[in-house]
Structures are given as C-alpha cells and as structure tokens.
Protein chains: 4
Amino acid sequence: MTKPDKRNYIVQSALELFAKHGFHGAPMTMIAERAGVGVGTIYLYFETKDVLINELHQELEEKMYPFLLNGYADNAPIRRRFFNIYTSLLRYFIQFPLDFRYLEQFYNSPYGVAFRRVKLMGNKTGRSDVFDELFEEGTEWQVFKDLPPVILLALAFGPLLTVARDHILGFVHLDDTMIDRTINACWDAVRR
Amino acid sequence: MTKPDKRNYIVQSALELFAKHGFHGAPMTMIAERAGVGVGTIYLYFETKDVLINELHQELEEKMYPFLLNGYADNAPIRRRFFNIYTSLLRYFIQFPLDFRYLEQFYNSPYGVAFRRVKLMGNKTGRSDVFDELFEEGTEWQVFKDLPPVILLALAFGPLLTVARDHILGFVHLDDTMIDRTINACWDAVRR
Amino acid sequence: MTKPDKRNYIVQSALELFAKHGFHGAPMTMIAERAGVGVGTIYLYFETKDVLINELHQELEEKMYPFLLNGYADNAPIRRRFFNIYTSLLRYFIQFPLDFRYLEQFYNSPYGVAFRRVKLMGNKTGRSDVFDELFEEGTEWQVFKDLPPVILLALAFGPLLTVARDHILGFVHLDDTMIDRTINACWDAVRR
Amino acid sequence: MTKPDKRNYIVQSALELFAKHGFHGAPMTMIAERAGVGVGTIYLYFETKDVLINELHQELEEKMYPFLLNGYADNAPIRRRFFNIYTSLLRYFIQFPLDFRYLEQFYNSPYGVAFRRVKLMGNKTGRSDVFDELFEEGTEWQVFKDLPPVILLALAFGPLLTVARDHILGFVHLDDTMIDRTINACWDAVRR
DNA sequence: GATGAATGAGCGTTCATTCAT
DNA sequence: AATGAATGAACGCTCATTCAT
C-alpha cells in the first residue's frame, strides 16, 4: 500500500461512515478500522476530525464540479444550460448516493452553515459560480422570475435535494424520463 | 407545578436546545437545567433521549397541523387550497424558527428517515394526509403534472424548506410579497 | 459513604498518587480507582485535572499553615520565631511525607512557578505572609544579613527542602536533635 | 554530518526542550525535528527516551565537573576550596540556565531519585567525590559542624538551587557581589 | 546508518442513564 | 413523584516506539 493510497482509504471510509451514521455517529476508531489503518494514521493526514470533515467536503465539491460541467456550454441558451447542469446534478446525486448523503449532512450542520456564510459574503471559486452566473444572466435577460437569486436557487435546488433523497431511500425511482420531467418542473418554477 | 407542567417545561427546553445545538450538542443535564427540573425527572416522562426526540417531533406535527388547516376549505378550488396550505406552512416555519430548525434536524437524521419509512409504508394519520389528498385530487383532475405524488410533494416542499432555512439564517428576508411569489413559483412547478 | 467523604477519598488518592508518580504518572482513572469511585465522579468535584492539582495544593497549604503557627508568638524574639516556624515546617514535612512530596512536585512544575509568580507580585494571603514578616522585621532590626528577602528565604528554605527529601528517601534520619542542629545551621546562614 | 555530530545535535535539542517543556512536554518527534534528524535516528543512539534522559544527565555532570574544578586546588585551605567550588557551581547554573533547568527536573523526578540512591549506596565517580572529600576533610579538621555529610551538603546545595532557580525565573538578580554574599551565608551555615 | 510513516495503548474528558434518598 | 450524585463506556487525540525502505 503506497502512501497516497492510505489517505484515499481513509477518505473513502470516512465518506461511507459519515454518510451512513452522521458525523458524530462515526468515531475516528471506526473510520480507521474500516480504512484498515491505525487511528493515529488518520491524524497524519488530517489535523482533527473537523478538518477531515471539511476536507472531505472540499474533495467532493472538486469531484462534482467537472461532473456538472460535462457538456455545459457557456454560450448555449439559458434553458439548455439550466437543463444541462441540473440534470447533471441530479444524476450525480443518484450515481453517487454516498456523496449525496454526505453533502446533505454537511450542509445541514454547523460546518455547512459556516461554509455557506463565507461563500455568500465573499465570492469564492467553486460550485456556486456557474449557478450564480446562470441565475444572474437569466434574471438580466428576463428569462427568470423577478426573485432574489437565493430564492431562484432554492426553487431548483430544493426539489432536487428532496427528490434525490427520496430516490436513495427507495421512496421513488428516478429513471431518465422522471429526471427529465422533474427538471422540467423546476424550470417551470423559475422561468417567467 | 402540576405534572403536565413539568412535561411541558422539559419539551420546551429540549426544543430550544436541540434547535440551537443539535441533538448531540444538548446533553440531558442541560435540558433538565433549562427546564428547571432534575435529570431523573426527564426519565419519568421519556424512557430515553431517543424517545424524547421522537415525541418532540410528534408534538410539533400535532401543533403544526391545525395551523396549516387554518382557513383551509376542503371544497375550495385546488389552486386556492394549494396556496392556502403552503403559505401557512412557510409562515409557520418563519413564525416558529425553533420548530423549523428542530424539524429540519429531525428529518435529516436517522430518526426522520425511520419515521418517513414507516409513514410511506403504512397509512398513518398526520400531516401528509391533507397534502396527499390535495395531490391525489389535483392529479385526478389533471391540474397537476403527471408525476408521482412523492415528486409533486418534493417540488413544493423542497423549495420551501430551503427558503425557510435561508430566511432563518439571514441569507434572505421573506416578507408577505416574497412569500406569495415563492408559493406562486412552486405552483408553477406542479401545475400542468 | 456520604457526599463529602467521596471528595476526601479523591483528594487523598490524588495526593498519594501524585506524590508517588508525579502529575503525569497518575492518570485520572488510577486516581478514581484508588479512591473507589468512578472516573466521572472526580469531575463532579473538580472541573479538570489541572483544577484538581491546584486545589490539592491549596488544601495542603491551608492544612500546613496552622501547623506552622502552632506555638508561634508574634511578639517573641526573632530568633525564637525563626526556630519555631522552621522547626514546625521541617517536622511537618517529616510527619506528612506525602504532602511534602506533593508540594515539591507542585513547586517544581509550571503550576508552582505560576503560583509563585502571582504571589511575588501581588501580596496574597497564605503561607508566605508570616515568613515575609519575619524576614522584613529581622532585616529591619539588623538581625539578618543584608540580603534580599528572596535570598534569605532561600537560605532557610533550601536546605530544609533538601534535607526533608533526603530523610523521606531514607538517605538520612532526622531525629529531634538533628532537626534542631539543622535549623541552627540555617539560622547561622541568615543571621548577621 | 559525521556520526558523533548527529548525536550532539540530538543531545542539545533534547536538553533545550526538556529544560523548557519538561520531560513529558517534549515528544521524541519534536526533539528529532529540532535536531534536524529523523525520529528513528534518535533510537540509533539511545535505546529509549528514558535512556536519553539518563545519558543527558550524565553528559551534563561530565561537562559541569571540570567547570567546578577550575582553579580548585586540593591543597588550598578548606574555606577557600569551599568558596571556590560553590561559587563555580552557582556561576555554572547562572551561565547555563538550560543545564540547570534540566538538572533540576532530573533530580526532581524518579530518574534523579534512582540515580541518587545508586550513588549513595555504591561509591561512584562523579560530582559528589570532590564535595564528599571536602566535607570529610572539613569534618575531620573540625572546620565544619558536627553533622552528617548529607546534611552539610544540603546546607550548601539547598540554598544554591533555590537561589539559582529564583534568578533564572527572574525573581532576583544575582550579580558577583550577591553571589559572593550568598556563598558566604552558606559558609556560615556549615562552618563550626 | 538514516528515515519518517505507521501504529495503538493510553490519556483527559463527556454524558446517557441509574438508583438511593 | 422527584431528585441529582454517581457511573463507566466511549469519545477525540497524543506520542514512544517500530520497521520497511
């Protein structure tokens, strides 16, 4: 097992356990055991549990971003871009349910709130940029309803999160058709 | 202090502390202290901390239900009923941010998942009934899009949760106009 | 076992273990076990291990103080007072070797240094008062050598500490005669 | 870097860190880092941390010994020899506060107690020899009080340790005059 | 010889739960 | 019914020591 391997095993183990049991339901010892390393080893790569949680979030965002941008064209019509990116997002959630469950926990915790607060104040690089751009442009061209960006975002993001969770928990099954119809409904919500 | 009084103090204290600090950030001793009772007393009314968490949820739903149904008329047009109930819901969240924060945590935890699983399987009384009825009828009359009820629910619920949280966290301010526009957007999402 | 009993068992256990093994050689679990209580119980009486260490020191000083002042007369000649208090001190160390070993560790650690620093700056109540008085008066009356109080103190305290330790470790045996001769020698050191 | 160089860097680093932070406040990794070597390297030269601590003590004594004997003449009068050696000792402590702090910690720990026990039983070479000789001869010639050597030693050593510590901690300033007066006072303590 | 990533026993501390009063 | 002192398993984290390279 080479050095970066070990870090990956830890990250993967943490992802799975945090996703399944929540942050405080997954002790460091359990993460270490599942990763096949000693507890101390985790602390070679992550200063504290908090750091592990935050870096995991960052890695996930970095992994998700290119996934969302796949096939995305800056100059395509807004509607197309909307469909493209939200379909990608929902597919991503479905394809990587662990990531989704993790991110949900993250944003629903002091970690995520702190993160959003920072993000909404200073404008950081990362996921929101492309979403922000889309909504700004759509508002400017009067394609979208006259609502604050935060609410427009909520109208599209909110249902997707709910729907993805329901799918993962088995309460509904999202095939391609259903995904498309769902995104369509979100589009109806935001478009003028 | 009569018996049910004590129970109420405990419930209120638990609500506030869970809402503010999360389930594992609120020790039983702290709950007892704020409620003005001994720790042991809590265990007279609630077998374990888990039971307390679940019963708190149930009480909140029971409190919310009449609030939502205020002014609700079974025989009103579907659109009106939709606006009525979702506006009530969003107002409730805004008016009782503690309740909202609590419920959010609850549904975003193993407690809530278990609860929903039970609810969606067997047919329970409770909140979803009136929503279910609304969506069933709306689908039947072809007012709503041809989507599974779970997804229709998500299209209206999802944004409301997101938007309520953003309001409580101070990321956006929801006044009456904004609430109305938001519900309108949700209506656009579900209506055919 | 009544409530204050428990605290006493803890204090006694901590004293013995700190004296024998040093602060970091005596884990809280070991202290609890020897005291016949659960670990958590210690934390009912002492906020942290540091607090336990500091309160133990304070209790010891409070216990020692009346012991030193036994038979001490403010208006006796300086020489008599000197003999009285230093004989008492040495006897105390010999009679309570645990206390001595504990205090030695305490003053030889960041805890003790911090304590002395505070004491030498602001003038606190406690042990040093009577010693200080003695040296001030003795200097004023030109009974003592013309040296800073800190050094006069060292000339009497230093050998006593060394000698007490040697006695406790069994390197020398201090009977009454030997104690008297030792104090006499200290007197020769400080007197003009 | 030649082999003995590495050992020296380790020893120096250990001295500084033990002196500043105490034995258990100075992890092996920290010692290695400051020495500019790998942790494993320390274990090439010292079997365990305990061995490192003990060998460090031995090296310090070996360094101190010639320092004390500087200008010391076996055939000089006892008084002169006394002044010579104790002045040297106090100067050494002041000039090498790191050494002093280290030695203080050492003698105030199980390490030091074990060391002294061995020394007082068997007859070892080292520091005490010249002190022992001095006190034996002084007692024989009736220059010193009729006290066991251990106590005579304590009467001179004790104040010096206390006074050196107070100087290093900044509680008093020892210039040449003060050093001389202090040694004088010690002489008064031991001389008949 | 030299390294430093890896280890896991052991630390100080917390907190859901119990039970004698 | 009501209490809160008492408990100890379990937590996050540290660090002396090892060993493959």
Side-chain angles (χ1 to χ4, degrees), chain A residues 1-7 10 23-33 35-52, chain B residues 1-3 6-7 23-33 36-52, chain C residues 1-7 10 23-33 35-52, chain D residues 1-3 6-7 23-33 36-52:
Chain A
M1 197 190 286
T2 64
K3 186 192 144 181
D5 260 2
K6 228 150 214 174
R7 210 195 113 103
I10 292 166
F23 294 137
H24 89 274
M28 294 301 263
T29 10
M30 199 188 286
I31 295 171
E33 196 177 5
V37 304
V39 219
T41 308
I42 300 182
Y43 289 88
L44 289 178
Y45 296 99
F46 306 95
E47 222 172 334
T48 63
K49 192 178 185 182
D50 277 16
V51 168
L52 171 59
Chain B
M1 195 191 287
T2 63
K3 185 186 143 177
K6 265 197 172 135
R7 210 194 113 103
F23 294 138
H24 86 277
M28 295 298 265
T29 10
M30 200 187 285
I31 296 171
E33 195 179 6
V37 303
V39 220
T41 310
I42 300 182
Y43 286 87
L44 293 177
Y45 295 98
F46 306 94
E47 215 174 337
T48 65
K49 194 179 185 181
D50 278 14
V51 168
L52 170 59
Chain C
M1 196 190 289
T2 64
K3 186 191 142 179
D5 259 3
K6 229 151 214 174
R7 208 194 113 103
I10 291 165
F23 294 136
H24 88 275
M28 294 301 263
T29 11
M30 200 188 285
I31 295 171
E33 196 178 3
V37 304
V39 220
T41 308
I42 299 182
Y43 288 88
L44 290 177
Y45 296 98
F46 306 95
E47 222 172 336
T48 63
K49 192 179 184 179
D50 277 15
V51 168
L52 171 58
Chain D
M1 196 190 285
T2 63
K3 186 186 144 178
K6 268 203 168 130
R7 211 194 113 102
F23 294 138
H24 87 278
M28 294 299 263
T29 10
M30 200 187 286
I31 295 170
E33 195 178 6
V37 304
V39 219
T41 309
I42 299 182
Y43 286 87
L44 293 176
Y45 294 98
F46 306 94
E47 217 175 337
T48 65
K49 195 179 184 181
D50 279 15
V51 168
L52 170 59

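In the text below, chain A, chain B and the rest are named by the order of the sequence lines, each starting its count at 1. Here the structure is a predicted model, which is why all the values come from computation and not from measurement.
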For this session: Treat a base pair as Watson-Crick or G-U wobble with both distances under 3.5 Å, then lay out DNA chain E in dot-bracket form, 5' to 3', with | for cross-strand pairs.
Result: .||||||||||||||||||||

For this session: Heavy atoms only: give me the nearest D:L52-D:I42 pair and the separation to one decimal.
Result: CD2-CG2, 4.5 Å

Problem set entry | Nearest heavy atoms of D:P27 and D:G25, plus distance in Å | CD-O, 3.4 Å

Separation of [X] atom [atom1] from [N] atom [atom2], in whole Å?
X     : N      : atom1 : atom2 : answer
C:K6  : F:dG4  : NZ    : P     : 17 Å
C:L44 : F:dG4  : CG    : P     : 13 Å
C:F46 : F:dA6  : CZ    : P     : 12 Å
D:I42 : E:dG4  : CD1   : P     : 12 Å
B:H24 : F:dA10 : NE2   : P     : 17 Å
C:I10 : E:dG12 : CD1   : P     : 15 Å
A:E33 : F:dG12 : CD    : P     : 14 Å
D:I31 : F:dA16 : CD1   : P     : 7 Å

Exercise. Counting only side-chain N and O atoms of C:Y45, is one of them less than 4.0 Å from OP1 or OP2 of F:dA5?
Worked result: no

Seminar exercise, completed: Walking DNA chain F from its 5' end, the first of A:F23 and B:G38 to be reached, judged by nearest nucleotide, is B:G38

Exercise. Between B:T41 and D:P27, who's closer to the 5' end of DNA chain F by nearest nucleotide?
Worked result: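 Result: B:T41.
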
For this session: Could you give me the CA-CA distance, side-chain angles and deciding distance for D:F23 and C:H24, then say whether side chain to side chain contact (heavy atoms under 4.5 Å, CB included) is met?
Result: CA-CA 10 Å; D:F23 294 138; C:H24 88 275; 5.6 Å; no

Exercise. Rounded to the nearest 0.5 Å, how far apart are OG1 of B:T41 and CD1 of B:I31?
Worked result: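 So the OG1 of B:T41 and the CD1 of B:I31 are separated by 13.0 Å.
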
For nucleotides 17-19 of chain F, give me every protein contact, N/O to N/O, under 3.5 Å, one pair per line with atom names.
unit_1	atom_1	unit_2	atom_2	d
F:dT17	OP2	D:Y43	OH	3.3
F:dT17	OP2	D:K49	N	2.9

For this session: Run the numbers on C:I10 and C:R7 for side chain to side chain contact (heavy atoms under 4.5 Å, CB included), then give the verdict.
Result: CA-CA 5 Å; C:I10 291 165; C:R7 208 194 113 103; 5.6 Å; no

Problem set entry | Heavy-atom check, side chain of A:Y43 versus side chain of A:M28, under 4.5 Å | yes

